[in-house]
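Note sheet for the following structure.
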Amino acid sequence: MNPIDDQPYRMLIDGRWQAGGEGALFPTYDPATGDVLAQVHAATARDVDTAVRAARRAYDEHWRDTTPRERARLLRRLAALFEREVEKLAWIETRNVGKPITHSRESLSAMPASLDYFAGIIPAVRGDTIPMLNHASVLNFTLREPLGVCALVMPWNYPMTLTLHKLAPALAAGNTVVIKPSEITPLSTLALAALFAEAGFPDGVVNVVNGSGASVGEALVRHPGVARVSFTGGTATGAAIQAAAAADVKRVTLELGGKSPLIVFDDAALDAAVDVAVGDIVKNSGQVCIACTRLLVQDGIREAFQARLETRLAAIRMGDPSDPQTQMGPLVSRAQAERVRAYLDIARQEGATPRSYPDPASRPETARGFYVPPTLLTTADNGMRTSQEEIFGPVQSLIGFKDEAQALRIANDTRYGLAAVVFTRDGGRALRMARRLESGSVAVNTGVRTSVDAPFGGYKHSGIGKERGLEAILENTQLKNVKYDTSL
Ligand code: NDP
């Protein structure tokens with residue numbers, strides 16, 4: 001039997017599926033109904049230690065010495081198995097995260113190509129030879145080497161795709177990993193882990209420990225056997241992890257929050273800009289770090305933009321995520337839904353006007369789960385808390401601007417810097433904006449699209465380091481300089 005079908009769900013340590021040391025369980029929920037979906041074994045600090053030691057042993061005994069060709073072959077086999085299992089994995093993701101099945105299928109179907117990409121660029125990970133300025137006889141070169149054990153601390157919004165985008169470059173570079181999925185959404189990561197043995201990865205190369213951030217996450221990031229921590233989640237948690245990792249001078253990559261602007265100038269292709277706004281509020285119910293949550297619209301077209309956006313939002317089909325017609329499901333958890341609703345109260349207190357589409361009263365079937373309808377905060381300004389803090393739900397602030405200088409000032413007036421979108425037909429203006437926006441990703445006349453081949457990561461409080469692209473593998477390596485005097 002596949003261990004993932006055998007409840008309560010166990011965890012993967014050193015190639016064995018096992019219960020937590022104290023036998024403690026925690027529930028995971030179906031956000032569409034609020035019902036318990038499964039019980040999951042929780043790791044103890046001792047289990048974390050066992051997992052890190054297993055990962056280190058696997059690293060020392062074989063994985064660090066595998067050839068690039070062997071690692072690429074295993075990643076490609078994993079890609080093939082993933083392709084075989086994609087439908088099952090998509091359903092697990094939909095049941096546990098609440099995202100519509102069409103969205104789960106779409107995002108997971110792209111994963112084999114991502115694995116293939118990392119398999120393909122392994123040969124690009126290499127050192128240089130450097131002519132020495134004053135010593136002709138000395139051969140001076142660099143070796144790019146793996147780090148050892150990498151801890152991957154994961155969020156709940158895209159458990160499977162984000163895990164794979166951390167996992168693949170870490171393994172490709174020759175590291176082993178211990179993954180801590182979010183306790184809210186552990187199921188798809190466990191299902192993914194079940195594929196590694198079949199793909200042929202040696203025991204201990206990939207380990208998964210379940211449980212809360214406060215216990216399991218903390219024990220993992222503080223473990224002295226961990227060389228690198230890669231984290232995606234909230235900025236406050238990321239900063240705490242960075243501080244914890246500093247004690248052992250661990251490498252840290254942080255993918256944190258965002259408050260991305262969609263800047264629409266009056267010469268823009270308006271419907272295309274509205275498409276991006278709709279996509280960003282609806283997709284995964286707005287629980288997306290790069291989602292544009294501040295809609296900066298030039299004064300002359302503001303009314304037209306709002307009218308078109310409202311018409312589109314009123315037609316959104318919110319409901320059961322397992323229905324292929326559904327465009328928007330629930331939020332991931334009761335706590336997240338309550339947090340978003342609390343921000344709507346803050347918005348009212350601050351003088352913004354929340355307008356929800358469609359009226360939740362017209363959707364009785366959404367009364368049970370953790371649903372929050374798409375909501376626009378009209379009459380917002382950029383100084384409001386709701387314009388400055390990451391809400392992480394289907395809420396966008398609509399803010400006007402006069403000219404390019406003001407648009408840029410408002411766009412950059414945030415502690416975040418993950419992504420920004422500009423809509424204009426003026427090429428010079430688009431490029432000026434692209435250069436001056438304080439943001440790790442900028443898109444012009446299209447939405448922000450993360451792609452496996454391009455580096456992704458934030459400026460300012462949105463993070464440190466890059467994932468995806470060649471940079472993702474390089475972040476998983478360290479560079480050694482070797483000098484060899486050939487005259488002796
Ligand atoms: P967190 O940042 O708290 O959690 C992300 C991961 O870190 C989870 O696995 C969590 O464990 C773990 N974690 C929490 N505390 C620690 C710690 N001290 N040491 C090690 N690991 C830890 O996100 P939340 O799920 O609580 O969401 C809060 C907010 O974060 C959201 O509302 C949103 O604003 C933002 N967020 C941003 C994401 C992004 O993609 N940028 C993704 C998700 C959230 P566990 O949750 O299992 O206890």
Side-chain angles (χ1 to χ4, degrees), residues 11 26-29 31 40 42-43 45 48 96-97 99 151-163 165-166 178-187 189 208-223 226 229-247 250 252-260 283-291 293 331-343 370 372 385-386 388-395 415-419 440-441 448 450 456-458 460-465 467:
M11 60 198 103
F26 64 92
T28 184
Y29 295 89
V40 182
V48 172
N96 206 188
V97 183
K99 59 178 66 136
L152 314 182
V153 181
M154 305 308 307
W156 40 256
N157 58 337
Y158 284 89
M160 179 79 82
T161 56
L162 295 179
T163 300
H165 280 119
K166 289 188 192 296
V178 179
I179 307 166
K180 197 213 78 73
S182 164
E183 67 179 321
I184 300 170
T185 57
L187 300 189
T189 307
V208 184
V209 287
N210 307 320
S212 76
S215 57
V216 177
E218 181 97 18
L220 183 58
V221 301
R222 287 189 182 279
H223 197 293
V226 167
V229 180
S230 180
F231 167 81
T232 298
T235 295
T237 314
I241 285 177
Q242 187 181 18
K250 295 183 172 91
V252 176
T253 301
L254 304 174
E255 294 295 340
L256 307 177
K259 200 74 195 176
S260 302
K283 194 172 181 185
N284 206 16
S285 300
Q287 302 164 117
V288 182
C289 53
I290 53 173
T293 48
L331 269 67
V332 74
S333 64
R334 190 180 307 284
Q336 193 63 17
E338 280 168 4
R339 175 188 151 102
V340 173
R341 288 192 198 106
Y343 269 108
F370 311 138
V372 177
R385 276 184 66 191
T386 45
Q388 290 291 325
E389 297 176 16
E390 188 177 46
I391 299 174
F392 225 62
V395 183
R415 69 187 181 122
Y416 293 112
L418 196 56
S441 298
V448 176
T450 51
F456 171 71
K460 305 199 285 193
H461 286 210
S462 290
I464 296 176
E467 295 191 320

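Note that ligands are numbered from 1 as they come in the structure, with each ligand's atoms numbered from 1 the same way. Please read these numbers as outputs of a predicted model, since none were measured by experiment. The figures here come from the full heavy-atom set of this structure, side chains too, leaving out hydrogens, waters and symmetry mates.
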Problem - Nearest protein heavy atom with distance in Å, relative to atom 43 (C) of ligand 1 - result: Pro155 CB, 3.5 Å
Exercise for the section: Quickly, which of Glu389, Gln388, His461 forms a side chain to side chain donor-acceptor pair (under 3.5 Å) with Arg415? Name it, please. Expected result: His461
Handout entry: side chain to side chain contact (heavy atoms under 4.5 Å, CB included) assessment of Val340 paired with Val395
Key = CA-CA 8 Å; Val340 173; Val395 183; 3.7 Å; yes
Completion exercise
Residue, atom and distance of the protein heavy atom nearest atom 46 (O) of ligand 1 read Ser182 OG, 4.0 Å
Exercise for the section: Using a strict 4.0 Å cut-off to heavy atoms of Gly211, name the atoms of ligand 1 that fall inside it. Expected result: 47 (O)
Completion exercise
Among Asn210, Val153, Leu152, closest by heavy atom to atom 12 (C) of ligand 1 is Val153
Practice task
Within a distance under 4.0 Å of any heavy atom of Arg339, pick out the atoms of ligand 1 and give their elements.
Solution key: 32 (O), 34 (O)
Handout entry: Proximal atoms of ligand 1 relative to Cys289 (non-hydrogen, under 4.0 Å)
Key = 39 (C), 40 (O), 41 (N)
Exercise for the section: Take Ile391 and Lys259 through the side chain to side chain contact (heavy atoms under 4.5 Å, CB included) test and state the conclusion after the steps. Expected result: CA-CA 9 Å; Ile391 299 174; Lys259 200 74 195 176; 3.9 Å; yes
Problem - Candidate with minimal heavy-atom separation from atom 3 (O) of ligand 1, of Thr237, Leu220, Ile391, Val332 - result: Thr237
Fill in the blank from the handout: Among non-hydrogen protein atoms, atom 22 (C) of ligand 1 lies closest to Gly213 CA, 3.4 Å
Practice task
Quick one: look up the protein heavy atom nearest atom 24 (P) of ligand 1 and list residue, atom name and how far away it is.
Solution key: Trp156 NE1, 3.5 Å
Problem - Shortest protein contact, atom 23 (O) of ligand 1 (heavy atom only) - result: Gly234 N, 4.1 Å
Practice task
Take every heavy atom of Gln336, measure it against each atom of ligand 1, and state whether any distance is under 4.0 Å.
Solution key: yes
Exercise for the section: Dump the intermediate steps for side chain to side chain contact (heavy atoms under 4.5 Å, CB included) on Phe392 and Gln336, then the final yes or no. Expected result: CA-CA 8 Å; Phe392 225 62; Gln336 193 63 17; 3.4 Å; yes
Exercise for the section: Would you indicate whether Lys283, at its atom NZ, is surrounded by more than 12 heavy atoms from other residues, nucleotides or ligands within a distance under 6.0 Å? Expected result: no
Fill in the blank from the handout: Looking only at protein heavy atoms, what sits closest to atom 8 (C) of ligand 1 is Met154 O, 3.2 Å
Exercise for the section: Please name the pair of heavy atoms, one in Val252 and one in Ala245, separated by the smallest distance, quoted to 0.1 Å. Expected result: CG2-CB, 3.6 Å
Exercise for the section: Could you verify whether a donor N or O on one side chain and an acceptor N or O on the other, from Lys166 and Thr253, lie under 3.5 Å apart? Expected result: no
Exercise for the section: Using distance alone, decide if ligand 1 has a nitrogen or oxygen within less than 3.5 Å of any nitrogen or oxygen in Glu390. Expected result: yes
Problem - Nearest heavy atoms of Gly233 and Pro155, plus distance in Å - result: CA-CB, 4.4 Å
Problem - Option whose closest heavy atom lies nearest to atom 5 (C) of ligand 1, chosen from Tyr158, Phe392, Phe231 - result: Phe231
Exercise for the section: Pick, from Leu256, Val288, Ile290, the option with the minimum heavy-atom distance to atom 41 (N) of ligand 1. Expected result: Leu256
Exercise for the section: Kindly give the heavy-atom pair with the smallest separation between Thr232 and Glu467, and that separation in Å. Expected result: OG1-OE1, 4.2 Å
Exercise for the section: Name the option, out of Gln287, Glu183, Lys180, that contains the heavy atom nearest to atom 10 (C) of ligand 1. Expected result: Lys180
Handout entry: Min heavy-atom dist Gly393 to ligand 1 below 4.0 Å
Key = no
Exercise for the section: Would you check whether Ala240 reaches within less than 4.0 Å of ligand 1, judged by its heavy atoms? Expected result: no
Exercise for the section: Below 4.0 angstrom from a heavy atom of Gly217, which ligand 1 atoms are there? Numbered from 1 as shown, please. Expected result: 19 (N), 20 (C), 21 (N)
Handout entry: Residues Leu152, Leu162; criterion side chain to side chain contact (heavy atoms under 4.5 Å, CB included); working and verdict
Key = CA-CA 10 Å; Leu152 314 182; Leu162 295 179; over 6 Å; no
Practice task
Determine, counting only non-hydrogen atoms of the protein, whether one lies under 4.0 angstrom from atom 26 (O) of ligand 1.
Solution key: no
Exercise for the section: Report yes if some N/O of Glu218 lies less than 3.5 Å from some N/O of ligand 1; otherwise report no. Expected result: yes
Fill in the blank from the handout: Residues Thr28 and Ile184: closest non-hydrogen pair is OG1-O, 2.9 Å
Please report, to 0.1 Å, the donor-acceptor pairs under 3.5 Å made by any side chain of residues 209-222, with sequence neighbours excluded.
unit_1	atom_1	unit_2	atom_2	d
Asn210	ND2	Arg10	O	3.4
Asn210	ND2	His41	O	3.1
Ser212	OG	Ser215	N	3.2
Ser212	OG	Ser215	OG	2.8
Glu218	OE2	Arg222	NE	2.7
Glu218	OE2	Arg222	NH2	3.2

Practice task
For ligand 1, find out whether one of its N or O atoms is nearer than 3.5 Å to an N or O atom of Leu162.
Solution key: no
Practice task
Return the minimal non-hydrogen interatomic distance between Phe231 and Ile241, and the atom names on each side.
Solution key: CD1-CD1, 3.3 Å
